[in-house]
Protein chains: 2
Amino acid sequence: MVKESRVDVLIIGAGPSGLMCANALAVAGVDFRIIDNRPIGVAAGQADGIQPRTIEVLQSYDLAEPLLKEGAQMHLCAFYNPGPDGGIERTGRAADVTAPTARYPFKITIAQASIEALFIESLKSQGISVDRPIVPSSLEISQDPEELLDPSAYPVKVVLDRILPSGTTTEQEIVHAKFVLGADGAHSWVRKTLGFTMDGEQTDYIWGVIDFIPDTDFPDIRNRAAIHSSNGSCMIIPREGDKVRFYLQMADKDVMDPETGRIDKHKVTAENLINTARKTFYPYTVNEPKQVDWCSIYIIGQRVASKFSKHERVFISGDACHTHSPKAGQGMNASMNDTHNLAWKLAQVLRGRADISLLKTYELERQKYAQDLIDFDREFSALFSGKPRTSENQEGVTHEQFLRAFQASGGFSSGIGVHYMPSAIVDTIHQGCAPNIIIGERMLPQIFVRAADARPVEIQDMLPADTRFKLLLFAGLLTPEQLTKVRRFAEELELPTSFLQKYNYPAEGKAQSMFDIISITAGHKDDVNFLDLPPTFRTHWSKVLIDDMDVTGRLGGGAYARFGIDETEITMVVVRPDGYVGMIAPSTALESMDKYFGSFLIGKTLNP
Amino acid sequence: MVKESRVDVLIIGAGPSGLMCANALAVAGVDFRIIDNRPIGVAAGQADGIQPRTIEVLQSYDLAEPLLKEGAQMHLCAFYNPGPDGGIERTGRAADVTAPTARYPFKITIAQASIEALFIESLKSQGISVDRPIVPSSLEISQDPEELLDPSAYPVKVVLDRILPSGTTTEQEIVHAKFVLGADGAHSWVRKTLGFTMDGEQTDYIWGVIDFIPDTDFPDIRNRAAIHSSNGSCMIIPREGDKVRFYLQMADKDVMDPETGRIDKHKVTAENLINTARKTFYPYTVNEPKQVDWCSIYIIGQRVASKFSKHERVFISGDACHTHSPKAGQGMNASMNDTHNLAWKLAQVLRGRADISLLKTYELERQKYAQDLIDFDREFSALFSGKPRTSENQEGVTHEQFLRAFQASGGFSSGIGVHYMPSAIVDTIHQGCAPNIIIGERMLPQIFVRAADARPVEIQDMLPADTRFKLLLFAGLLTPEQLTKVRRFAEELELPTSFLQKYNYPAEGKAQSMFDIISITAGHKDDVNFLDLPPTFRTHWSKVLIDDMDVTGRLGGGAYARFGIDETEITMVVVRPDGYVGMIAPSTALESMDKYFGSFLIGKTLNP
């Protein structure tokens with residue numbers, strides 16, 4: 001008798017992508033299971049850069065704090081190029097994060113194991129753990145079109161083999177799942193089983209990587225540093241404590257087996273890498289390191305999966321759908337943001353509150369992003385792996401070229417420039433109401449002052465990833481005329497035909513209600529009375545904010561002007577559960593809002 | 001056979017004062033024991049205001065975070081006075097914290113139980129718990145002057161009675177202690193046993209206090225609010241969640257027993273207090289509360305103990321040495337800061353690194369503070385309890401009078417203005433080197449940029465309460481000439497005769513070394529090379545700071561100018577282990593520094 005079971009979502013793979021999904025589903029109260037083929041999580045090495053946008057996302061799950069405490073932060077990037085005497089010299093230092101709207105103006109480095117631990121701890125506090133080691137051995141999706149469209153059906157059958165402590169024998173189980181996520185890494189079994197290809201190419205740049213505690217007189221050893229020397233390039237990434245990571249460009253002869261023409265892993269030793277570093281760093285010295293944690297070598301491959309989803313029933317995410325160079329520190333970020341995008345959609349579909357077609361937006365949004373990432377990586381890698389321009393090599397890459405590319409890509413590489421195209425959930429028709437809040441991008445950070453108690457609050461902290469749509473009601477300056485308009489709008493929203501009534505399922509167990517209204521007035525904290533707003537727009541005293549400075553005059557203020565919102569109008573900004581702006585509309589365009597939500601939500605009357 | 005034991009420090013009382021001491025001693029690795037006569041900690045009510053300075057202090061023990069997360073914050077204070085129609089009206093709103101150098105520009109309210117839990121959790125993580133319920137029954141101090149001066153002697157004998165689970169029987173124990181702290185509350189047994197008197201007086205103002213979840217249309221229900229009505233005064237203190245505390249001035253007839261002339265506790269009901277509030281709040285309504293947590297009544301007594309210490313062997317702290325009105329929210333702050341002042345002194349004396357005379361500074365510093373507190377409370381209570389000025393009552397307190405007193409006392413009531421007078425550990429001779437860093441006050445908060453990695457750091461976060469003296473070396477602008485001076489000063493400090501060598505005991509177990517050097521240069525983060533400083537002034541890459549702005553241009557910078565420090569000189573600021581500035585000196589006055597430390601530290605050669 002083979003054991004059989006049912007689950008709403010089966011997650012295959014407990015790396016950052018699978019764990020992000022698991023945690024988001026757990027918080028949402030969705031029935032799921034997460035399995036992994038490794039007996040324990042990763043130990044050393046592996047991806048470990050966290051971008052400013054990813055910090056914001058982790059903050060929306062209340063997971064950023066340990067990261068901010070334990071991780072190393074990169075604020076400055078230093079650039080070194082060949083000097084007149086053949087050695088390197090500093091060309092300059094610049095802010096490492098150039099996106100002006102970054103809430104966290106730095107990148108973080110931390111071991112992947114620490115990121116995984118964040119999620120694993122959070123899951124544990126909810127009574128959930130990763131089931132491991134388990135290997136999937138077959139996956140079948142129903143061919144029945146009706147079944148595929150029925151969100152309550154279990155059209156995916158997966159056979160799992162549990163590896164028993166003996167290590168050789170296994171125990172088989174058949175799982176029937178509504179949805180399956182393959183977050184099973186670059187060699188994804190799920191991707192291969194679905195028959196998706198990885199499209200792209202492999203470069204011939206060979207890079208070594210070493211994590212160690214250095215002993216050096218190089219002055220930028222705790223900054224991110226990009227070194228272009230006549231003897232090869234190096235990227236320095238400071239890490240937790242006193243550790244540092246070097247990415248080192250390797251010459252073929254140092255790492256290739258001359259007979260096979262392939263990398264000879266035996267040649268990849270810490271000593272070999274440190275010696276390469278010494279040549280690159282001259283005239284600075286790199287002494288025998290105090291401690292070496294890990295070293296490895298890789299060839300850059302830049303590929304994107306042909307599809308991210310099969311029938312919106314089986315999805316792939318993370319390294320399973322994109323591989324690229326680690327130096328720009330994007331990998332783990334892209335992986336976590338894939339499932340951050342997917343999880344709320346799965347939750348709303350499984351609750352019967354959103355149409356299953358909502359899931360099509362996952363591939364739409366994330367595949368385009370992955371392609372952009374590969375394009376960015378290709379350009380960046382080529383510039384960084386190329387020879388620097390010197391008097392002998394006039395064809396080389398100049399510092400100005402590199403710096404320009406570095407700064408131009410700041411929005412993208414920080415994760416802040418991610419922009420989702422118009423779709424069912426991105427409606428740009430009323431963009432003009434708030435021209436500087438870009439629909440399809442994440443909601444900008446901004447400090448407001450809470451009307452009831454003048455406490456400064458960061459608006460992003462009022463946008464937790466809790467599957468709710470946040471309705472930011474910019475109510476304007478509350479003159480008597482404006483208050484009349486505000487009250488009228490509240491009355492319209494109270495009508496049973498308005499989206500706010502039609503789709504506002506109440507909270508139920510761990511499932512939150514569909515909407516959360518946050519009112520933001522213009523005016524001064526000395527004057528505003530939050531009780532002036534109609535009850536619809538102040539569901540709790542903490543939900544009314546003022547666009548004003550805090551008592552010190554150092555935080556907040558100026559948002560209406562910065563966002564381009566008119567203080568004499570009423571403007572609604574709809575923020576999706578993942579923090580991205582889905583639509584903006586004036587109070588006079590209630591039918592636009594009804595239409596937006598109607599395009600992917602299921603009305604309460606249809607689902608009694 | 002009565003059990004006998006020895007301990008370095010016996011703490012009697014596990015309220016905020018005793019627990020602060022216990023935690024500080026635990027972190028320092030000092031042998032101590034803490035006992036309490038209650039079977040469990042406090043539940044509802046009791047003191048619960050945390051001042052800005054106390055937040056800084058808790059932060060120096062890494063305990064502020066849960067407080068900042070869970071507590072309510074008071075940013076604004078609203079003032080209400082009688083309006084022309086007999087009811088109250090708002091006269092204005094103003095910042096609740098008026099001290100311009102507050103790092104946290106707000107006060108926090110949180111249940112005393114939560115504060116105690118902070119310490120109890122911290123102790124637990126170090127394997128220590130409060131021993132309870134235990135009642136002391138006798139205390140004797142040796143009369144032998146030699147024994148009293150010998151830090152390794154156990155001159156205090158305390159008999160303890162452990163209350164067994166039966167509740168009636170007890171088990172006796174004799175404890176021989178080097179030092180005893182009586183943190184046993186307003187009715188302190190230790191104080192009475194020592195024969196210290198409480199000097200001061202009782203006012204005839206009667207106040208009721210109620211903690212509840214209000215239902216009202218009063219617009220400042222989440223701000224601190226001071227209401228002067230013709231029907232009595234009220235102070236509103238918002239608390240955690242939706243809870244609010246009201247302090248209500250009670251009329252004699254409402255609470256007194258007419259026959260005895262004493263307070264009739266039966267008259268103190270929530271209903272009675274809410275009815276009083278209704279009269280005060282008119283024309284605003286106070287509806288039947290959703291939930292009442294606690295209520296009580298009190299008469300203000302303002303008293304300070306005649307002595308804080310006996311032979312520097314038995315000390316009292318907290319409510320045991322000062323009682324006053326709760327409305328200014330000072331009680332728990334004064335109590336915790338008493339033992340914050342004492343703990344590091346005890347630790348250094350017990351380690352044999354400081355002379356026992358150092359302990360004299362406890363009474364010197366804290367008794368004066370307590371007297372100032374009583375004086376402040378007397379004035380504030382009188383103004384607040386007095387009738388407001390109206391057309392009928394031209395003798396009443398005007399809003400301007402009250403506001404002026406409120407703002408003038410901002411430095412004091414925030415805890416930030418606390419100023420310790422010259423003593424062995426407060427040497428003001430070179431105040432002129434940094435005129436705006438006031439010797440005897442706490443080190444100002446200031447953001448600097450870390451030289452090695454451009455990360456902005458708050459200097460207060462580099463001043464943990466770890467029993468070390470922090471030497472802030474303002475090294476100036478590192479021109480070649482300045483670097484020569486800096487190197488010469490380093491050489492002088494390396495001489496065996498300098499205080500840095502003579503008193504710098506190395507770390508040993510949990511006992512930290514005596515000094516921690518933090519270098520602060522002028523200049524720009526794009527240029528400074530932290531490796532230019534001599535090794536004495538950069539014991540770790542994280543210990544060199546720059547007075548510059550961070551990459552966003554929003555944090556840091558301007559400290560040399562603000563502090564009044566010359567960039568072409570070398571200035572040393574000595575910060576005591578409790579965060580107070582002990583002395584300032586130019587590099588040319590090394591003998592002043594030697595003399596300062598020599599006056600209370602014991603040189604290594606004397607203690608081989």
Side-chain angles (χ1 to χ4, degrees), chain A residues 62 65 69 72-78 90 92-98 100-106 108 214 216-225 238 241-242 244 284 449-457 524-532 540-542 544 550-555, chain B residues 62 65 69 72-78 90 92-98 100-106 108 214 216-225 238 241-242 244 284 449-457 524-532 540-542 544 550-555:
Chain A
D62 203 12
E65 223 170 77
K69 217 173 233 182
Q73 297 181 4
M74 296 189 289
H75 292 261
L76 272 191
C77 186
R90 186 164 64 217
R93 284 170 176 163
D96 192 39
V97 171
T98 55
T101 66
R103 175 175 180 190
Y104 304 97
F106 50 84
I108 290 181
T216 176
D217 60 357
F218 182 72
D220 285 285
I221 194 70
R222 294 303 311 172
N223 286 321
R224 187 177 176 205
D242 292 340
V244 166
Y284 296 102
V449 162
R450 208 150 67 176
D453 64 357
R455 178 172 176 163
V457 290
H524 294 289
K525 62 184 172 302
D526 288 353
D527 311 320
V528 172
N529 178 359
F530 73 102
L531 296 168
D532 285 345
H540 187 259
W541 60 261
S542 63
V544 183
D550 80 330
V551 291
T552 67
R554 287 194 292 260
L555 300 172
Chain B
D62 203 12
E65 222 170 76
K69 217 172 232 181
Q73 296 181 5
M74 297 189 289
H75 292 261
L76 272 190
C77 187
R90 187 165 64 218
R93 284 171 175 162
D96 191 40
V97 171
T98 56
T101 66
R103 175 176 178 188
Y104 304 97
F106 49 85
I108 290 181
T216 176
D217 58 357
F218 182 71
D220 285 285
I221 194 70
R222 296 300 314 171
N223 285 322
R224 188 176 175 204
D242 292 341
V244 166
Y284 297 101
V449 161
R450 209 151 66 176
D453 64 357
R455 178 173 176 161
V457 290
H524 295 289
K525 61 184 172 301
D526 288 353
D527 311 321
V528 172
N529 178 359
F530 73 102
L531 296 168
D532 284 346
H540 188 259
W541 60 261
S542 63
V544 182
D550 80 332
V551 291
T552 67
R554 289 194 291 260
L555 301 172

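Residue numbering restarts at 1 for every chain, and letters A, B, ... go by the order of the sequence lines. On a predicted model such as this, the values are computed, not experimentally measured, just so you know.
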| said: Can you give me the closest heavy-atom contact between B:H540 and A:D242, atom names plus distance? | reply: NE2-OD1, 2.8 Å

| said: Heavy-atom cut-off 4.5 Å, strictly under: side chain, backbone, both or neither for B:P105 against chain A? | reply: both

| message | I want to check something: taking the side chain as every heavy atom from C-beta on, are A:E65 and B:K69 in contact at a cut-off of under 4.5 Å? | response | yes

| task | Give the minimum heavy-atom separation between B:N223 and A:A452, together with the two atoms involved. | result | OD1-O, 3.3 Å

| task | Would you indicate whether the side-chain heavy atoms of B:P456 and A:H75 approach each other to under 4.5 Å? | result | yes

| CG (A:D217) with more than 12 external heavy atoms under 6.0 Å | yes

| request: Assess whether atom CG of A:D62 is packed by more than 12 heavy atoms of other residues, nucleotides or ligands within 6.0 Å. | output: no

| task | Report the option among A:R93, A:R90, A:R554 that has the most heavy-atom pairs separated by less than 4.5 Å from atoms of chain B. | result | A:R93

| field | Between B:D532, B:I221, B:V97, B:D527, the one whose heavy-atom pairs under 4.5 Å with chain A are most numerous | value | B:D527

| Which region of B:R450, side chain (C-beta onward) or backbone (N, CA, C, O), has a non-hydrogen atom less than 4.5 Å from a non-hydrogen atom of chain A, or is it both or neither? | neither

| note | Shortest non-hydrogen pair, A:P219 vs B:L531, comes out as CA-CD1, 3.9 Å

| Atom CZ in A:F218, atom CG in B:N529: separation rounded to 0.5 Å? | 10.0 Å

| said: Which atoms of B:D220 are under 4.5 Å from chain A, going by heavy atoms: the side chain, the backbone, both sets, or neither? | reply: neither

| note | Applying a strict 4.5 Å limit to non-hydrogen atoms, the region of B:V449 in contact with chain A is neither

| message | Please classify the contact between B:F106 and chain A as side chain, backbone, both or neither, with a heavy-atom cut-off of under 4.5 Å. | response | neither

